[in-house]
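A quick write-up on the structure given underneath.
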Amino acid sequence: MMFRERRAPVSARREVHITNELGLHARPAAQFVKRANSFRSEIWLVKQGKRYSAASLIDVLRANLDCGATAVLEAHGVDADEALEELERLLAEFREQEDT
């Protein structure tokens with residue numbers, strides 16, 4: 001009988017910069033939330049000391065992440081590192097999509 005590997009929950013933090021000209025407006029925010037919800041970890045955006053749930057479109061929009069904004073992505077769970085890596089990559093892709 002095989003058992004699935006059990007990984008201990010970890011916490012991770014990563015500073016991100018919003019580089020697309022329109023910031024994290026409705027469409028990219030919806031993509032961000034969808035991707036955040038695909039992970040098992042709890043994920044937050046922290047801006048100016050306030051925490052916003054990355055699983056909530058309303059919270060992500062309330063974070064008011066305009067172009068040039070800096071925020072911290074925080075995650076806690078078994079896939080926290082992977083989640084932050086993927087979400088940071090997604091934020092960079094928004095800039096690339098805008099440039100084309």
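The figures that follow rest on heavy atoms only: side chains count, while hydrogens, waters and symmetry mates do not.
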If you take all heavy atoms of S53 and V60, which pair is closest and at what distance? O-CG2, 3.8 Å
Please find the pair of heavy atoms, one from V10 and one from A80, that lie closest to each other, and give the distance. O-CB, 3.5 Å
Set of side chain to side chain donor-acceptor pair (under 3.5 Å) partners for R14, sequence neighbours left out: E88
Calculate, to the nearest 0.5 Å, the distance between atoms CG and CZ belonging to L22 and R27 respectively. 9.0 Å
From CG (L65) to NE2 (H25), nearest 0.5 Å: 12.0 Å
L90 and V46: same hydrophobic cluster, using ILVMFWY side-chain contacts below 4.5 Å? no
Quick one: do L91 and W44 end up in the same hydrophobic cluster if we chain Ile, Leu, Val, Met, Phe, Trp and Tyr together by side-chain heavy atoms under 4.5 Å apart? no
Looking at A63, is its backbone amide N or carbonyl O close enough to the side chain of K47 to form a donor-acceptor pair, meaning the two atoms are under 3.5 Å apart? yes
ILVMFWY network linking F94 to L57, side-chain heavy atoms under 4.5 angstrom: yes
Can D66 and I18 be said to form a side-chain contact (heavy atoms from CB on, under 4.5 Å), step by step? CA-CA 7 Å; D66 295 325; I18 306 303; over 6 Å; no
I'd like to know if L61 and I43 are part of one continuous hydrophobic network [Ile/Leu/Val/Met/Phe/Trp/Tyr, side-chain heavy atoms within less than 4.5 Å]. yes
Atom pair CG/SG of L24 and C67 - distance to nearest 0.5 Å: 11.5 Å
Can you find a side-chain donor-acceptor pair between H76 and S41 that sits under 3.5 Å? no
Without swapping roles, check the side chain of N20 against the backbone of G23 for a donor-acceptor pair under 3.5 Å. yes
Atom CD of residue position Q48 - does it have more than 12 heavy atoms of other residues, nucleotides or ligands inside 6.0 Å? no
Residues two or more places apart in sequence or in another chain: which of them pass salt bridge (charged side-chain N to carboxylate O under 4.0 Å, His left out) with D59? R62
Please report the closest heavy-atom contact between D79 and R40, naming both atoms and the distance. OD2-N, 2.9 Å
d(D81 CG, F39 CZ) to nearest 0.5 Å is 11.0 Å
Which residues satisfy the side chain to side chain donor-acceptor pair (under 3.5 Å) test with E74, sequence neighbours excluded? R13, R51
Least distance between heavy atoms, A75 atom then L84 atom: CB-CD2, 3.8 Å
Would you mind checking if E93 and R89 are paired as a salt bridge, meaning a charged N to carboxylate O distance below 4.0 Å? no
